Amino acid sequence: MLQQNPLQTKKDVEKVLLDMWAPLEPYYDQTNSRIRMGQTAAAYSESVAGLECFSRVLWGAAPFIASNGSTALWSKHLQGIVNGTDRESEGYWGEIHDYDQRIVEMAAFGYALCLAPEQVWEPLSEDQQENLVNWLTQINQNAAHDCNWLFFAVIVNIGLKQVGAPYDQATIEQNLNRIDDFYLGDGWYKDGEVAHVDYYTPFALHYYGLFYATVMEKDDPKRAKVYKERAILFARDFLHWFSEDGRAIPYGRSLTYRFAQCSFWSAYVYAGLDDIPLGTVKGIILRHFRYWCKQDIFQPDGTLSIGYHYPNLIMAENYNAPGSPYWAFKSFLLLALPEDHPFWQVDEQPLPLLPKSKRLAKASIVIKRHDEHVVAFTSGYQHTNAHTHTSSKYEKFAYSNYFGFSVPRGEWGLDQAAFDNMLALSEQDQLFRVKRQVIEKKVENDYIYMVWAPWQDVVIRTWIIPGLPWHIRIHEITSKRPLDIADGGFALGLSESGITIDEKSVKTEYGKVSALALSGDAENKHIYPNANTNLMQKRTVIPTLTKSLNKGTHLFVHAFYGSPTQAKAELPRLENGIIYLEDKEWKLADLMKKRDNPRFY
């Protein structure tokens with residue numbers, strides 16, 4: 001049904017929302033205050049997970065009903081709000097504590113109070129309104145994680161303010177001031193004091209900032225202006241993460257939220273921003289929706305699954321419960337726009353002509369594009385965190401909108417670990433280490449440099465020359481122990497229609513990938529990782545360069561190819577110390593001099 005939706009009009013987008021909401025109906029519990037779907041668990045209780053699914057529906061339901069949308073499911077949801085906030089009800093959502101997952105889910109109720117008070121607040125009796133206020137105001141007495149979580153209390157309090165209920169202005173001020181500390185400049189935020197730069201910049205920090213700027217424009221014009229100005233700057237960079245067919249680059253954590261990747265653009269339109277033409281933004285949003293509606297993201301009962309292109313718990317975070325993917329509903333904010341809004345009237349436009357290369361300095365990323373293939377080349381981070389598969393999600397050399405990335409399924413050998421776009425090293429015992437963080441890094445327009453140490457007595461200096469369909473990696477490995485190394489390329493999906501293999505390359509209907517040793521005598525090996533390790537394809541092959549090393553210093557120059565269209569391109573080469581790539585020449589000796597504070601660690 002969703003695949004047949006043309007996604008051209010407001011009615012079409014509303015139908016997508018309703019077609020995704022309807023399969024949840026059998027899973028409302030007897031009090032309607034929880035949606036208990038799925039059979040897996042997260043770090044928090046099943047009771048809280050039921051609230052999570054219930055609340056995340058509001059990110060789409062609230063703008064829908066705010067714009068006169070109608071569905072019988074709303075009465076069920078409203079009854080759930082009544083019971084969930086009533087201490088005497090079996091469905092009560094409970095008292096919260098510091099760092100409680102319910103802090104996250106409370107934001108959706110503040111959002112709904114802002115957007116649709118006539119449907120959320122006014123139908124409640126005075127006692128029911130008081131119950132809702134009492135439950136929500138717990139957020140002001142409990143600590144939140146020092147990251148995008150600080151916005152949740154802000155959204156709750158402005159929601160209470162919009163309906164004339166008691167709210168905490170001091171919490172709003174304190175949290176917004178702290179969030180300003182995360183701003184990096186040029187439109188970019190990091191998600192906390194010591195944090196990564198990823199999709200939490202667009203689908204959390206900017207999203208809430210633009211929502212605040214719109215709702216509170218008269219009350220807080222100074223901040224509203226700042227948030228809009230920052231979003232305008234960010235949008236000019238964020239354009240580069242998308243291809244014309246609607247795909248975005250999978251990078252970082254929380255990718256099970258899927259089409260939340262375009263929620264920033266919905267907030268951009270909702271806030272009235274037009275620095276990028278409205279037709280262009282409309283095209284990004286609608287093509288992104290169409291793309292996701294064609295993917296295998298639904299369970300047989302029609303509910304959203306945990307995963308990316310297909311149901312996949314291997315790549316999930318510890319905070320991904322069965323209802324977590326419904327955070328994708330944030331992209332439906334555009335449904336709050338009335339039928340006669342220019343967004344619904346303007347013609348959908350393609351992406352503007354974007355440069356083939358774009359350095360995003362604040363994100364430490366260089367974006368390369370070749371036709372519909374878009375790849376982010378990254379330097380990694382000087383810190384790490386405890387989230388699941390951090391190395392896979394932040395420390396690979398390249399992230400592709402077509403080939404995705406892979407995560408380990410086990411710890412033994414190359415096939416369990418699925419090391420695409422990574423250099424993996426072992427003490428010749430089949431247990432591999434990869435880059436988890438960097439010691440130094442530098443991101444220039446035409447190269448990326450990083451220093452990292454998988455062991456205290458093993459130091460690796462890596463230079464990346466970004467490019468498409470070929471890119472170059474240079475590794476200088478200084479080791480006081482013998483090692484096995486494996487430098488993996490892009491992971492290519494396997495298909496029923498056959499495969500073509502030679503020593504260096506693999507071709508399937510999904511494209512072509514290759515690995516080429518220009519220097520260092522590494523041997524080619526095609527790795528067939530365990531199933532379900534890649535975000536995009538259930539079964540893959542990774543062209544890999546392998547070598548056993550003795551103690552000492554070793555230099556490798558490797559070239560990797562990835563193209564969904566099997567695009568023809570001249571082979572890179574290394575001759576007389578000069579690397580030839582994409583009609584450019586690189587003197588290897590000069591490139592290796594481009595290092596900060598060269599020293600042994």
Side-chain angles (χ1 to χ4, degrees), residues 375 377-380 391-392 395-400 403 405-408 413-428 430-436 438 447-455 458-479 482-492 502-506 512-529 533-534 540-550 552-562 571-574 579 581 588 591-592:
V375 176
F377 292 90
T378 69
S379 65
S391 292
S392 296
E395 296 295 332
K396 291 183 188 283
F397 302 129
Y399 292 87
S400 163
F403 299 112
F405 64 85
S406 304
V407 297
L414 299 177
D415 54 349
Q416 290 185 21
F419 295 126
D420 62 321
N421 287 313
M422 305 183 91
L423 176 65
L425 308 96
S426 84
E427 296 179 281
Q428 301 183 337
Q430 292 297 306
L431 296 175
F432 286 84
R433 295 190 182 193
V434 295
K435 178 164 66 73
R436 188 164 180 84
V438 298
Y447 77 93
I448 297 172
Y449 168 68
M450 64 204 82
V451 181
W452 50 292
W455 291 270
V458 177
V459 174
I460 302 172
R461 292 181 171 87
T462 295
W463 293 259
I464 306 295
I465 303 177
L468 283 179
W470 286 98
H471 72 272
I472 302 290
R473 303 177 200 164
I474 303 162
H475 304 295
E476 181 189 75
I477 303 171
T478 302
S479 176
L483 297 170
D484 285 341
I485 69 166
D487 201 5
F490 293 102
L492 177 67
D502 61 32
E503 181 186 3
K504 299 177 175 61
S505 302
V506 185
K512 176 183 175 182
V513 293
S514 304
L516 180 64
L518 301 182
S519 175
D521 299 325
E523 298 179 357
N524 284 84
K525 185 176 183 179
H526 297 314
I527 304 299
Y528 292 84
T533 47
N534 186 263
T540 60
V541 56
I542 302 173
T544 302
L545 294 166
T546 63
K547 182 76 174 177
S548 294
L549 310 181
N550 294 320
T553 297
H554 308 266
L555 181 66
F556 298 91
V557 182
H558 294 161
F560 293 91
Y561 172 99
L571 285 175
R573 63 190 194 278
L574 174 62
I579 297 171
L581 175 70
L588 183 58
L591 184 66
M592 293 183 66

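The first residue of the sequence shown is numbered 1, and numbering continues consecutively from there. Predicted, not measured: the structure shown is a model, and the values here were computed from it.
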Run Val375 and Ser400 through side chain to side chain contact (heavy atoms under 4.5 Å, CB included) and show every step you take. CA-CA 4 Å; Val375 176; Ser400 163; 4.0 Å; yes
Going through the checks in order, is the side chain to side chain contact (heavy atoms under 4.5 Å, CB included) test met by Phe419 and Thr544? CA-CA 9 Å; Phe419 295 126; Thr544 302; over 6 Å; no
Start with the C-alpha gap between Val459 and Val451, add the side-chain angles, then the distance that decides, and say whether side chain to side chain contact (heavy atoms under 4.5 Å, CB included) holds. CA-CA 7 Å; Val459 174; Val451 181; 3.9 Å; yes
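For the atom pair CZ (Phe490) and NZ (Lys512), the distance works out to 13.5 Å, reported to the nearest 0.5 Å. For the atom pair Ile465 CD1 and Ile579 CD1, the distance stands at 4.5 Å (nearest 0.5 Å). Note that CD1 of Ile477 and CD1 of Ile460 are 5.0 Å apart. Values are rounded to the nearest 0.5 Å. Residue Leu555 holds its CG atom at 12.0 Å from CZ of Arg461, rounded to the nearest 0.5 Å. With rounding to the nearest 0.5 angstrom, the OG1 atom of Thr378 is 8.5 Å from the CD1 atom of Ile464. One distance of note links CZ of Arg573 with CG of Leu581; it measures 10.5 Å at 0.5 Å rounding.
Using a 30° and 60° split on the angle between ring planes, Phe377 and His471 fall in the perpendicular class, above 60°.
Remark: Thr533 pairs with no residue by the side chain to side chain donor-acceptor pair (under 3.5 Å) rule, at least two apart or across chains. Legend: residues meeting ring-ring contact (aromatic ring centres under 6.0 Å, His included) with Tyr561, ordered by chain and number and at least two apart, are Trp470. For Gln430, the side chain to side chain contact (heavy atoms under 4.5 Å, CB included) partners two or more places apart in sequence, or in a different chain, are Trp412, Phe432. For the side chain to side chain donor-acceptor pair (under 3.5 Å) test, no residue two or more places apart in sequence or in another chain qualifies with Ser519. Checked against side chain to side chain donor-acceptor pair (under 3.5 Å), Ser514 has the following partners two or more places apart in sequence or in another chain: Ser505. Residues satisfying the side chain to side chain contact (heavy atoms under 4.5 Å, CB included) criterion with Lys504, sequence neighbours excluded, are Asp502, Leu516, Asn524. A search for ring-ring contact (aromatic ring centres under 6.0 Å, His included) contacts involving Trp452 returns nothing, not counting sequence neighbours. The side chain to side chain donor-acceptor pair (under 3.5 Å) test applied to Asp487 returns Arg473, His475, His558, not counting sequence neighbours. Applying the salt bridge (Lys or Arg N to Asp or Glu O under 4.0 Å) test to Glu427 and every residue at least two apart in sequence or in another chain returns Arg481. Legend: residues meeting ring-ring contact (aromatic ring centres under 6.0 Å, His included) with His526, ordered by chain and number and at least two apart, are absent. Every residue two or more places apart in sequence or in another chain was checked for a salt bridge (Lys or Arg N to Asp or Glu O under 4.0 Å) with Arg436, and none qualifies.
The two residues Leu468 and Gly562 come nearest to each other via the heavy atoms CD2-O, 4.3 Å. Summarising the geometry of Ala517 relative to Ala522, their closest heavy-atom pair is CB-O, 3.8 Å, with the distance given to 0.1 Å. Closest of all the heavy-atom pairs between Val438 and Ser379 is CG1-O, 3.3 Å. Heavy-atom minimum distance, Ala515 versus Phe560: CB-CE2, 3.7 Å. The two residues His554 and Phe556 have their closest heavy-atom pair at CB-CE1, 3.7 Å. Heavy atoms only, all atoms of each residue included: Pro529 and Thr540 are closest at CD-O, 3.1 Å.
Between Ser391 and Met422 there is a side-chain heavy-atom pair separated by less than 4.5 Å. Side chains of Ile542 and Leu414 form no contact here, defined as non-hydrogen atoms less than 4.5 Å apart. Between Asp484 and Thr546 there is no side-chain heavy-atom pair separated by less than 4.5 Å. Contact of the Leu492 side chain with the Phe403 side chain is registered, since non-hydrogen atoms from C-beta on lie closer than 4.5 Å. In this structure the side chain of Leu423 reaches within 4.5 angstrom of the side chain of Ile485, judged on heavy atoms. Considering only heavy atoms from C-beta on, Trp455 comes within 4.5 Å of Leu425 through its side chain. Considering only heavy atoms from C-beta on, Tyr447 stays 4.5 Å or farther from Ile474 through its side chain. Looking at heavy atoms from C-beta onward, Ser479 lies in side-chain contact with Val458 at the 4.5 angstrom threshold.
Counting only distance, with no hydrogens or angles, the side chain of Asn421 and the backbone of Lys396 share no donor-acceptor pair below 3.5 Å. Asn534 contributes a side-chain N or O that, together with a main-chain N or O of Phe405, makes up a donor-acceptor pair within less than 3.5 Å.
Heavy-atom contacts from other residues, nucleotides or ligands closer than 6.0 Å to CD of Glu523 number 12 or fewer.
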